Structures are given as C-alpha cells and as structure tokens.
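Quantities reported herein were computed from a predicted structural model and do not represent experimental measurements. When reading the values below, keep in mind they use all heavy atoms of this one structure, side chains included, and skip hydrogens, waters and symmetry mates.
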Amino acid sequence: MAARGHVQDPNDRRLRPIYDYLDNGNNKMAIQQADKLLKKHKDLHCAKVLKAIGLQRTGKQDEAFSLAQEVATLEPTDDNSLQALTILYREMHHPELVTKLYEAAVKKVPLSEEYHSHLFMAYARVGEYKKMQQAGMALYKIVPKNPYYFWSVMSLVMQAISAQDEKLAQTMFLPLAERMVEKMVKEEKIEAEAEVQLYFMILERLGKCVEALDVVRGPLGEKLTSELRSRENKCMMMYQRLQLWPECNALSYKLLLKNPDDWQFYLSYFDSLFHLMDKSWSQPEEGEHCVEGPVQTTVAEAVKFVVDRMEEQDKKESRPLRGPYLACLELIHRLRQRGCPDEKELGDPLELMVQFFGKFGDKPCCITDLKIYLHLLPPEQRSQFKKRLGELVPLGEAGEDGFGFPGDTKALQRHLCVCQLSRALGLQHALDTEGKLRLITELKAHYHHGLQFGKNSSTPISLSLALTTTMWANMLWQCLSVLEEGLSFSPSNAQFKLLLLLLFCRLGAFQPVVDLYSSLDAKHVQHDTIGYLLTRYAGSLGQFAAASQSCNFSLRFFHSNQKDTSEYIIQAYKYGAFEKIPEFIAFRTRLNQSLHFAQVRTERMLLDLYTEADVTLSLEESVKAMGVCPEEDDIPWDNMRDNRDLTVLVSWDPKDRELTEEHRRLSLEEESVWLKVRSLTLRLLASLALLGHAPSPRNSDKTNENGISAKSSTLQTLLSQLDQTLETAVQITEKQTQVHTLIYLTKGCYCPYGSLLFPHADLCPSLPSSLSPLRPEMLSRCKGEVLEMKDGRLTTRPSLLETLVFFVETVCVVLWVASYSASVLRPLKSSLQKKKKKKKDSSSAMPVVLCGFQEWTGSLQGVVTQALDHVKGQEASLTALKLAALTLEEGYSQTQEECGFTRAAMDKVQSSYLGSLQELGDLLRKRADSLKSLKI
C-alpha cells in the first residue's frame with residue numbers, strides 16, 4: 001500500500017508515514033499520525049480514510065465505518081482516497097459500497113479510463129453482470145480497445161450463465177453476445193487468442209457446434225497457440241458432440257502416429273472405431289475418406305495399429321513409452337466386453353502384463369497402470385501371475401529370517417509393485433492369521449532395509465502395506481507403533497499422518513490429532529476436501545478448545561473464499577482468461593454449498609454456546625452476537641455439495657473391497673442427518689434465547705402483540721422437525737451403518753428436547769412432577785473405564801467419552817431451559833406474595849408448580865453432582881494407570897525400540913483422555929455454579 005504513483009504530490013509525501021505504519025502493522029501509530037495530519041489539513045480526505053483503516057484493524061469497526069461514510073458522502077475523486085476506501089470496504093466485507101464510490105467518480109470525471117475501469121472491476125466483485133456490460137461498453141466508447149469491448153461481451157455470457165430462465169439465456173443474452181463478436185470478426189478486428197476462445201465458448205453454449213468447428217478450422221483458429229494441440233482438442237470435442245465418428249477416428253489416428261503416448265486419443269480412437277462398426281459405416285468409393293485423413297473401421301485394422309505401435313517401442317534403444325502397451329490391454333478389455341474373438345490376436349493378458357512389468361516395474365506408475373486391467377486375469381492365473389512377477393524382482397540371498405532384499409532402488413520399487421499387485425488381486429486377504437503375521441514381519445524388514453536408500457524415498461509404501469495388513473490382525477497398538485516409527489524416519493510422509501489421525505480419532509484421542517493435521521500444512525481447497533478428517537470428531541471427543549481451533553482452520557478458508565474468488569475473476573478479465581471466469585464462479589458456489597462448511601459453521605457456534613453462554617455472556621447475548629435466526633435455515637439442503645475426498649488414504653485393495661458410490665451415498669446421508677440434528681439444536685437454542693420474558697396471565701390477551709406466541713410457535717415447529725430427524729437417524733442405524741454419533745442418538749444419549757416444552761405448558765401443576773429431563777440412568781450410560789488395564793493389556797472404550805460429551809451438552813441445554821423457566825415463574829411468585837400481604841393470609845400453600853420447579857432443580861443438582869464425581873473418578877483412574885507394566889498381544893513380537901513407540905502412542909491416548917475429562921469437568925463445574933444461583 002505504501003507504493004504510490006505520484007511521489008511529487010505534496011499530499012503523498014504527507015501521507016507516506018501513515019502508509020508505512022499500516023503496511024508494517026503498526027495501526028495505533030497510523031491513527032496517531034493521521035490525527036496529527038488532520039489537525040493541520042482538515043480537508044485531506046485520504047488521511048481520514050487511512051485513519052478508518054487503522055481503526056478497522058484495531059477492532060473499532062463502527063467508528064471506522066462512520067469515518068469512511070463521512071468521506072464517501074463527499075464523493076471524492078482523488079485516486080488516494082478512492083483506493084484507500086476500496087481497501088477499507090473490502091476489509092469490512094462491503095464490496096457493494098465500492099461501486100457507489102466509482103459511480104460518483106465517473107459522473108464527475110466522465111472521460112477517465114482509470115475510473116471507468118475501476119467501476120467495471122467493482123461491479124465484477126459483486127457480480128452485477130448487467131452493469132458490467134454497460135460499464136464495459138462505456139469504457140470502449142471512451143477508449144476503443146478490444147479488451148474493453150470483450151469485457152462487455154463476457155458480461156453478457158455471464159448474464160446467460162447466471163440467468164434463472166434458460167430460455168432467456170438461449171434467446172437473448174447468448175445471441176446478442178454472438179452478434180457482438182461477429183461484428184468484430186466482419187470488421188477484422190479480432191486480435192487476441194482470448195477473443196477467439198470467447199467466440200468459441202459462446203457458440204458452444206448456443207449448441208452451434210458446426211459453426212464452432214468452422215471457427216477452429218478457419219483463420220481464427222490459428223490464434224489458438226497458448227496450449228499444446230489446442231486446435232486439435234477443440235476439433236475432437238466438436239466431432240464427438242456432432243457424432244462425426246469418421247473425422248474423430250481419423251484425427252485420433254493421425255495424432256497417435258505423431259505421439260503414440262497420448263492416452264486421451266487412444267480412448268477417442270477406440271470409441272470412434274466401435275461407433276463406426278455399430279453403424280456399419282463404409283468408406284466412400286471416391287475421394288478422401290474425410291477431411292482429417294484415412295479412417296479405420298475394422299478390428300483387424302485397430303489390432304494391427306496397436307501392435308505396430310508396440311513393435312516400434314520394442315525397437316527403440318531409449319526407454320519405451322507406456323501408451324501402446326496399455327492401449328493393447330484396453331483394446332482386449334473392450335473386445336472382451338463385446339464378445340469379439342479377435343482379442344486373441346493381441347496376445348495373452350498375463351503375458352502382456354508380465355511384459356509391461358518387465359519394462360516399467362521400477363516406476364511407481366506401474367501399479368496404477370496395471371490395477372485397472374487385473375480383471376482380465378482369471379482367478380486361477382492370479383497366483384501364477386504373482387510368481388512370474390516375483391521372478392523379475394532381483395532380490396539378494398535370504399538371510400537367517402528367510403527374507404531376501406533388493407540391492408538398489410529399482411529392485412526395491414519392483415518388489416513394492418509386486419506387493420501392491422498381490423494385495424490388489426486379493427492374495428493377501430486370502431492368507432490365514434499366521435500368514436498375515438509373517439507378511440507383516442517381512443514387509444517391516446523390507447522397510448528397515450529400504451531406509452538405506454533414503455528416509456524420504458518411496459520405501460514408506462511398504463510400511464503402509466504392513467500397517468493395513470496389521471489392521472486385519474486387530475492389533476491397533478502395533479499399528480500406531482509402526483506409524484510412529486515410520487513418521488520418525490519420514491516426518492514429511494502425509495499418508496503416515498493421515499493414518500495416525502484416523503486411528504487416534506477412532507480411539508477417541510483428539511489431542512494428538514490437531515498437531516498432526518497442522519503438520520500436514522493443508523492448503524486452500526484442501527481445508528474443504530480433507531478438513532472433515534479433523535473436524536468430524538472435534539466436538540464429540542471433549543476437547544472443546546482444540547475443537548474450536550480446528551473449526552477455525554476451515555472457517556478461515558471459507559470466509560476468505562468470497563473475497564479471494566472475486567479477485568481471481570478480476571484477474572481473469574484483466575488478462576483475457578474468459579473461459580476461467582465461469583469456473584471461478586462455479587468454484588465459489590461449490591464452496592458456499594459445501595457440506596463441510598455447513599458442518600464446521602454449525603459446530604463452531606454450538607461449541608461457543610456450550611462453553612461460553614451464561615459464563616462470559618448470557619445465552620441471549622451470545623445468540624445475538626452470532627446472528628442466528630431460528631426462523632431461517634440458511635443451509636442449502638437441496639444443493640448440498642459433498643466435497644470430501646474419501647480416497648485421500650492410498651489403497652491397493654481389490655475391486656470388491658473398494659469404496660463404491662453406494663458407500664458415498666450412505667455416508668452423505670448419514671452426515672446430512674447429523675448436520676440436520678445439530679442445526680436444529682442450534683436453532684432451538686436460539687429460539688429459547690430469543691423468547692424474551694413470558695407474559696403474565698393477566699396480559700395474555702396481548703400475547704400476539706409482543707411476539708411471544710409467534711416465537712413459541714417457532715419452537716414447537718423446530719421440535720417437531722427434530723423429532724422427525726431423530727426418527728430418520730434411528731432408521732439409518734437400523735441399517736447397521738458405521739457413523740457412531742447416530743447410533744448414540746438412538747440410545748437416548750442425546751438431549752431430550754421435550755424439556756423445551758416446559759416453559760409453554762401454561763404452568764400446568766402436574767408437568768414438573770412428570771418431567772425429568774436429566775435422569776440418573778442417562779448418566780449410567782456414561783459410566784465405565786474409558787482406558788482400562790486388564791491382565792496387563794490396555795483396552796479403550798472411546799464410546800463412553802463420546803456419550804459423556806453428549807450428556808454434558810444435555811446438562812447445558814436443560815440448565816438454559818431451567819433458567820428460562822425461572823424467569824417465567826419469578827413474576828408469578830412475586831404476584832402471589834403481594835396478594836398474601838394484602839390478604840394477610842400466611843397459611844395459604846405455595847402453588848404446586850413452584851414447589852415442583854424447586855424439586856426439579858434439586859434433582860438436576862443431584863445428577864450434575866453425580867456426573868462431576870464420575871468425571872473426578874475417571875481422572876483419578878487415568879492418572880493412576882501405569883502403562884509401563886503393559887504387555888502386547890501374543891503372536892506379534894516387537895523390539896525394544898518398537899515397544900517404545902507403542903508406549904509413546906499409549907501415552908498420547910492417555911493424555912488426550914485426561915485432557916478431555918478435565919475440560920468436561922471444568923464445564924460441568926461452571927454449569928453446577930449456574931444451577932446453584934438459579935432461584936425463583
């Protein structure tokens with residue numbers, strides 16, 4: 001911000017110290033310097049705005065906004081003030097105010113190219129596409145440059161994309177954009193590649209594929225040079241849309257002759273070939289087959305073409321290309337699908353795969369290349385295939401343990417590939433327990449041997465294999481030990497961290513997870529795609545402070561998304577990357593509709609309420625600060641986007657064990673139901689907080705005037721929705737799904753929201769005696785040892801910790817209900833006492849409702865006290881637990897060093913449990929103190 005354009009301007013010299021202070025983060029000094037300057041120069045508007053920026057950055061938003069508006073009403077036209085106000089409004093998340101600034105500036109200085117340009121970009125930030133179109137044309141009239149004209153054209157395209165009515169887009173916006181570009185084409189004013197790209201985009205969206213193809217093939221297509229084979233790719237796209245299979249086939253054939261390793265053209269070649277065969281297409285008798293060259297229409301021609309490409313590679317002295325060999329397997333796969341006997345002419349798939357492994361087995365891509373074609377091998381050939389591959393792996397002589405090891409990195413990679421393929425074929429799953437344990441030992445030995453080739457090399461893959469195999473043997477502590485050991489050698493290995501993160505969460509130990517996730521150094525959109533690994537377990541494991549921090553990791557990214565995406569769009573306009581603008585808009589929409597965004601936002605607000613409401617602020621003040629409106633559900637349920645990367649953990653499992661679309665659908669259903677429960681919880685609490693003071697019976701006729709009746713109706717509606725959602729959760733758990741939280745809902749461990757009806761029961765005398773929202777049996781579900789040592793072995797029960805967290809949440813909710821109930825009953829008791837004094841009747845009994853409420857709060861106090869005692873007992877048990885005396889499972893031996901890693905993992909789990917219990921105990925004590933002060 002300190003780099004200004006007009007250094008010779010005396011005002012710039014005066015303002016420079018303020019800019020420097022702001023750039024260096026010294027906001028207080030910037031404010032002081034601005035005040036000094038304003039005493040001497042009261043009309044220096046920029047100084048006021050810079051002071052407002054300093055105030056904004058020191059948390060004085062209202063004062064900053066007021067000062068900025070003072071300057072904005074004067075409609076300044078100096079560049080310093082306008083740019084400073086733009087920065088301020090962007091920081092205050094009010095980009096719409098920037099448009100008003102430059103609208104006023106353009107009126108005062110109508111011929112300024114700079115102000116018109118800034119006005120266009122201001123409209124772009126807020127998505128005012130129609131005004132962008134007008135601003136672009138106004139700018140073009142002042143300064144007739146092509147980029148400004150095409151800004152206006154692109155704004156028309158964006159109006160079409162964002163239009164609710166598709167018919168309007170196809171009949172008005174896009175045709176108008178097409179005519180505008182055609183005018184420039186006829187006048188021969190097309191200058192840049194971006195302008196051709198935009199023309200192609202418009203024709204494509206209009207469905208005018210023939211015209212688009214003519215543009216690419218014609219003189220304008222010569223400008224498409226920024227990407228390799230841009231013209232060919234666009235031609236191929238249009239051929240496929242127009243189903244011009246001869247041209248598609250000929251172009252693919254021609255391009256594969258030039259580059260036999262381009263996989264996309266093999267696919268288009270095979271697709272077009274079989275389409276032509278299905279349509280019985282015949283070659284014309286005279287002339288060329290098509291504009292792109294000769295067309296191949298038979299399987300024999302395709303087989304010969306692929307075999308010729310393979311032979312070419314076999315003759316090469318340099319390293320061969322993978323494409324032709326994989327194309328051979330792909331053609332076999334397609335011919336087999338069609339039941340065509342010609343596949344035999346290409347050879348035996350087993351021999352072809354062995355040949356491929358011989359050429360490329362020392363490359364990490366070998367496993368991913370071959371895995372998708374393993375189904376070509378019949379089950380009886382799988383063991384033979386593994387044996388044949390093993391013969392191509394040069395291992396040294398077997399030692400005392402019976403294992404031979406590779407002598408270099410290439411041999412190491414080949415051995416790893418064989419292990420991965422063995423797992424993908426299901427051979428490792430078929431082993432008995434003894435065989436699996438031996439495999440674990442062998443893979444660990446290979447891992448330790450491979451460390452000599454580099455601690456950060458590909459060797460950790462073998463450790464991952466050992467780990468997944470260990471999981472089959474149900475030896476969780478050994479899994480943690482192997483991972484901790486691997487991470488000590490390869491501290492940058494993301495797979496180790498992700499697996500550790502997952503295992504600790506399954507054990508209910510959230511404390512080590514935060515540091516693991518931080519060390520992953522997730523960037524940008526990864527907070528949306530893998531953030532669920534952290535935040536999904538955050539709130540339910542009792543680490544409230546860490547959970548809040550975890551939610552903030554993700555929320556920072558989502559909150560900056562709107563501003564950042566606007567800047568990407570502006571840069572795309574500046575540099576003519578028009579085809580990227582719809583992608584940026586779609587990206588922003590995808591993030592705004594993200595399931596993960598809705599989850600972390602809801603969980604963060606609930607966490608703040610449970611830990612802070614009625615502690616630092618009242619419940620009502622907390623809800624108002626969050627801006628939660630009970631009547632409005634701002635989660636886009638119908639357009640929810642599941643952006644989670646469920647394949648972030650590398651897997652070489654066979655096809656029948658891979659993640660399926662059904663798994664994804666069930667997972668999304670479970671997460672959506674859980675989010676619905678949490679969202680309704682938040683809105684119910686907001687509804688309770690905003691009920692206000694209940695009316696006294698004598699003023700019941702004014703109920704509708706003060707809004708209490710409407711708010712009560714909202715509460716009833718939300719309760720009904722929650723009941724329906726919980727019924728859905730029960731149905732999901734009956735399907736024996738995996739999501740733990742829903743299972744606890746059906747066990748009655750979640751808050752009994754019927755207690756929220758208490759304030760609206762018209763003070764029914766019988767209700768308090770029948771209503772007991774916190775029963776001792778609820779607490780009994782939380783009892784048991786979360787970490788227990790039996791016969792020298794350590795067992796964990798993380799479900800108890802999770803249930804206890806839900807119980808504490810229930811305590812918070814019930815106490816807020818009790819607090820509101822007390823505010824309802826206090827006026828009643830006061831009124832009755834006044835009546836007693838007037839009648840001088842001291843013998844009249846206290847109404848049952850008041851006695852019932854006192855009994856109710858007394859029972860609450862008893863249950864909370866029991867819960868506190870239980871938490872203290874758990875803390876004492878955990879503190880007294882001596883992990884040094886533990887033994888590990890039989891059948892699996894560990895070295896002393898490995899035992900050290902195992903105990904380190906156990907210590908982390910123990911420490912995390914203690915931390916969770918301490919935070920739960922602290923929160924219960926705060927709520928117990930609130931309950932003691934609850935009197936009517």
Side-chain angles (χ1 to χ4, degrees), residues 145-147 149-151 153-158 160-161 174 177-178 180-182 184-186 188-272 275 288 290-295 309 321-323 327 568-569 571-587:
K145 295 179 181 177
N146 270 23
Y149 185 86
F150 282 92
W151 284 4
V153 174
M154 186 62 210
S155 301
L156 269 171
V157 175
M158 290 310 300
I161 292 172
L174 290 174
E178 182 189 14
M180 288 179 69
V181 180
E182 284 176 346
M184 299 294 278
V185 173
K186 289 174 183 177
E188 297 184 352
K189 290 183 178 179
I190 299 292
E191 297 173 353
E193 178 183 1
E195 296 158 12
V196 180
Q197 293 271 21
L198 181 54
Y199 191 21
F200 180 83
M201 185 199 306
I202 293 167
L203 294 171
E204 185 184 1
R205 288 185 177 274
L206 279 168
K208 296 185 175 183
C209 297
V210 175
E211 291 84 347
L213 193 57
D214 291 339
V215 168
V216 177
R217 284 174 171 173
L220 290 177
E222 296 175 4
K223 295 183 183 293
L224 301 173
T225 56
S226 64
E227 295 179 12
L228 187 65
R229 290 189 296 278
S230 179
R231 292 182 77 179
E232 290 85 350
N233 287 330
K234 282 182 167 51
C235 282
M236 187 72 73
M237 185 196 311
M238 291 300 104
Y239 289 150
Q240 289 172 343
R241 288 198 182 178
L242 292 167
Q243 297 187 357
L244 296 175
W245 302 119
E247 286 78 4
C248 184
N249 182 274
L251 180 59
S252 301
Y253 178 79
K254 182 169 65 177
L255 292 171
L256 286 171
L257 288 175
K258 293 179 181 178
N259 181 10
D261 203 37
D262 199 324
W263 185 248
Q264 63 172 330
F265 294 127
Y266 278 113
L267 298 179
S268 59
Y269 173 73
F270 293 141
D271 288 340
S272 59
H275 277 296
E288 289 187 352
C290 71
V291 295
E292 294 292 352
V295 182
R309 302 288 77 70
L321 301 173
R322 293 152 46 220
Y568 304 153
I569 293 167
Q571 294 304 313
Y573 271 108
K574 283 183 178 179
Y575 295 104
F578 297 122
E579 73 279 4
K580 296 298 178 187
I581 294 171
E583 293 179 22
F584 289 140
I585 300 292
F587 177 70

Quiz item: Where do Lys580 and Gln197 land on the side-chain hydrogen bond (donor to acceptor under 3.5 Å, both in side chains) test, with the steps shown first?
Solution: CA-CA 11 Å; Lys580 296 298 178 187; Gln197 293 271 21; over 6 Å; no
Quiz item: Taking atom NZ of Lys254 as the centre, does the number of heavy atoms from other residues, nucleotides or ligands within less than 6.0 Å exceed 12?
Solution: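 Yes, enclosed.
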Note, [X] side chain near [Y] side chain (heavy atom, < 4.5 Å):
X	Y	result
Glu178	Leu203	yes
Val196	Phe200	no
Thr225	Ser230	no
Lys234	Val215	no
Arg229	Asp262	yes

Practice problem: Can you measure from CE (Met238) to NZ (Lys208) and round to the nearest 0.5 angstrom? | Solution: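 If we round to the nearest 0.5 Å, Met238:CE and Lys208:NZ are 14.0 Å apart.
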Quiz prompt | Contacts of Ser226 that satisfy side chain to side chain donor-acceptor pair (under 3.5 Å) - sequence neighbours left out | solution =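 Testing Ser226 for side chain to side chain donor-acceptor pair (under 3.5 Å), a comparison that skips the adjacent residues, returns Glu193.
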Exercise. Would you please name every residue forming a side chain to side chain donor-acceptor pair (under 3.5 Å) with Gln240, sequence neighbours left out?
Key: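 For Gln240 there are no side chain to side chain donor-acceptor pair (under 3.5 Å) partners, ignoring immediate neighbours.
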Self-check item: From Leu251, Asn249, Val295, Leu267, residue fulfilling side chain to side chain contact (heavy atoms under 4.5 Å, CB included) relative to Ser272
Solution: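 The side chain to side chain contact (heavy atoms under 4.5 Å, CB included) with Ser272 is passed solely by Asn249 among Leu251, Asn249, Val295, Leu267.
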Quiz prompt | Salt-bridge criterion met for Arg241 and Glu204 (N-O under 4.0 Å) | solution =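 Salt bridge flag = yes for Glu204 with Arg241.
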Quiz item: Taking only residues at least two apart or on different chains, which pairs with a member in residues 207-248 satisfy ring pair (Phe, Tyr, Trp, His ring centres under 6.0 Å)?
Solution: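 Qualifying pairs, neighbours excluded: Trp245-His275.
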